[in-house]
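Some notes on the structure that comes next.
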Amino acid sequence: MKLSKKLCFMLAYLLVMLPFIGFYFGGFYTFLPFIILFSMVPWMDVWLVDPSNPDRTQEHILLKDKYFKILTWIYVPLQCCFVIYAAYLIVHVPLTALEFIGFSLSIGLLTGGIGITLAHELMHKNSMVDQLLSKILLVSVCYGHFFIEHVRGHHVHVATPKDPATSRLGESLYQFLPRTIVGSFRSALNIERMRLNRLGYPWYHLNNQFWWIIGLPIILATAFFYYGGWMVLLFFIIQSLTAFILLEIINYIEHYGLERKKLANGAYEKVSIQHSWNASHWLSNMLLFHLQRHSDHHVHGARPYQLLRHIDTSPQLPSGYLGMIILALFPPLWRRVMDKRVLAHRSKN
């Protein structure tokens, strides 16, 4: 990997400044991250495409390079600090309703777009440090059950009717969101219940992960309320909602209409590179730590982001995730663009 591309993974850190720049100028500028990310990035994605992959020698070098691991670790304390600082600003600087909403949504865009993306990267690793940092990021947006459901639910049942995070052909984003938010929580509860049963523990045992999944966000919310009253509590809720709704919109995009075939024995075929949508758009891939190389991730779940490969034979999105998010918000346009791609993909498989 060229040094220039290696350093470009730090672009996500530049985004952290945007809500605070918008806050400084006030008014409609508090929506500055939305303006930049959903206008400039999709436009640049049209022109900047990167289907290149590291060779075997480069893979070995990239795997040994601690830079990529450190880049995921240092974001965690950074997010904790900027969320606390945002709460401080809300308490001490008078804001209009528009400014409060814009600033809260913009912080949520970071905690969801960068925070949950890195939580996703870290949860797939076996290191206790990685998994702890993933949990911290998820607790900060009240979505800790994603730690259970994603790895032990979604990756097992992806592209089947059993997976609440796989969107179906013809299903609009607004139909998908309540189904996946409720369904993913239920799935995580069921997975954890079965785990406790296997270990012979009752539901109230301290080993039940839902104690931290539910308890820690309540403690955080109480601390924010104690510090700054209803305004800071509302800020914490808004940024959390923004973050996990953004996550679920991306889930909607990643597997829309893709299906695994059911075999004669009633089981589903093995997950392959055909069961996730990919995007080779350079800028959005840098900002999202190669999350858009999603087929390779589902086939090799623990593969670090710097090694994820673009695969030409996987189904390809016409734009990066940021452009596709805009499209998903308008179901008729989404279906006009994506349904024909789904049907063409199914006809070839």
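Start at 1 with the first residue, then count along the sequence. Just so we're clear, the structure is a prediction, and the values are computed from it rather than from any experiment.
The salt bridge (Lys or Arg N to Asp or Glu O under 4.0 Å) test applied to Arg195 returns Glu192, not counting sequence neighbours. Under the rule for a salt bridge (Lys or Arg N to Asp or Glu O under 4.0 Å), Arg168 has no partner lying at least two apart in sequence or in another chain. With sequence neighbours left out, the salt bridge (Lys or Arg N to Asp or Glu O under 4.0 Å) criterion links Asp50 to Lys5, Arg293. Among residues two or more places apart in sequence or in another chain, the side chain to side chain donor-acceptor pair (under 3.5 Å) test is passed with Thr166 by Asp163. In this structure Gln79 satisfies the side chain to side chain donor-acceptor pair (under 3.5 Å) test together with Tyr75, Ser140, sequence neighbours excluded. The salt bridge (Lys or Arg N to Asp or Glu O under 4.0 Å) check on Arg303 picks up Asp296, with sequence neighbours excluded.
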Identify all side-chain donor-acceptor contacts of residues 141-153 below 3.5 Å with residues at least two apart in sequence or on another chain.
from, atom 1, to, atom 2, distance (Å)
Tyr143, OH, Glu248, OE2, 2.7
Glu149, OE2, Ser187, OG, 3.2
His150, NE2, His120, NE2, 3.0
His150, NE2, His124, NE2, 3.1
His150, NE2, His155, NE2, 3.2

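Think of Trp211 as one node in a network of Ile, Leu, Val, Met, Phe, Trp and Tyr side chains linked at under 4.5 Å; its network also takes in Trp203, Tyr204. Membership of an apolar cluster is not assigned to Leu263, as no side-chain contact below 4.5 Å to another ILVMFWY residue is traced. Counting Ile, Leu, Val, Met, Phe, Trp and Tyr side chains that sit under 4.5 Å apart, directly or through other members, Tyr226 stands alone, with no cluster partners.
For residues 115-134, the set of pairs meeting the salt bridge (charged side-chain N to carboxylate O under 4.0 Å, His left out) definition, not counting sequence neighbours, comprises Lys69-Asp130, Glu121-Lys125. Identified under the salt bridge (charged side-chain N to carboxylate O under 4.0 Å, His left out) test for residues 323-349, with sequence neighbours left out: Glu259-Arg346, Arg335-Asp339.
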